[in-house]
Amino acid sequence: MSKTLTTLDALESAGLIAPSPALQAVAERYAIALTPAMRAQIAHQDDAIARQFLPRLEELDSQPHESADPIGDHPHS
């Protein structure tokens with residue numbers, strides 16, 4: 001039975017990402033959870049499904065016009 005991949009090491013072992021210590025910062029900020037069903041949909045590291053589920057350094061970039069709370073739920077939590 002396949003398991004949900006939840007760590008950088010698991011993604012590396014599955015051949016989905018290259019070893020990159022820099023990705024640790026992304027993993028610390030955002031949870032990793034790639035189910036077997038989603039894994040089966042990934043054709044290559046840069047396809048549309050992969051870009052939604054695999055950590056990328058670009059996730060750490062933010063622009064001045066971006067909101068830290070884009071849907072406005074922070075005041076209600």
* Heavy-atom pair with the smallest gap, counting every atom of L8 and P55 -> CD2-CG, 3.7 Å
* Asked: If you take all heavy atoms of Y30 and E59, which pair is closest and at what distance?
  -> OH-O, 3.7 Å
* Decide, yes or no, whether a salt bridge links D61 with R56 under the criterion of side-chain N to carboxylate O below 4.0 Å. => no
* To do: Grab the two heavy atoms, one from A18 and one from Q45, that are nearest each other, plus how far apart they are.
  => N-NE2, 3.9 Å
* To do: Give a yes or no on whether H74 atom NE2 has more than 12 heavy-atom contacts from other residues, nucleotides or ligands under 6.0 Å away.
  => no
* If you round to the nearest 0.5 Å, how far is CD of Q41 from CG of D47? -> 9.5 Å
* To do: Please name the residue in the list L16, L54, T35 that meets the side-chain contact (heavy atoms from CB on, under 4.5 Å) test with L5.
  => L16
* **Test log, rule side-chain contact (heavy atoms from CB on, under 4.5 Å), inputs V26 and L60** => CA-CA 7 Å; V26 179; L60 298 176; 3.7 Å; yes
* Structure fact -> I32 and A27 have their tightest heavy-atom pair at CD1-CB, 3.9 Å
* Could you pull out the closest heavy-atom pair between S20 and E12, with the gap in Å? => N-OE2, 4.0 Å
* Check: E66 side chain, Q63 main-chain N or O, donor-acceptor pair, under 3.5 Å -> yes
* To do: Taking all non-hydrogen atoms of both residues into account, name the closest pair between A14 and R39 and its distance.
  => O-NH2, 3.8 Å
* Answer whether the closest heavy-atom distance between the side chains of I17 and L23 falls below 4.5 Å. => yes
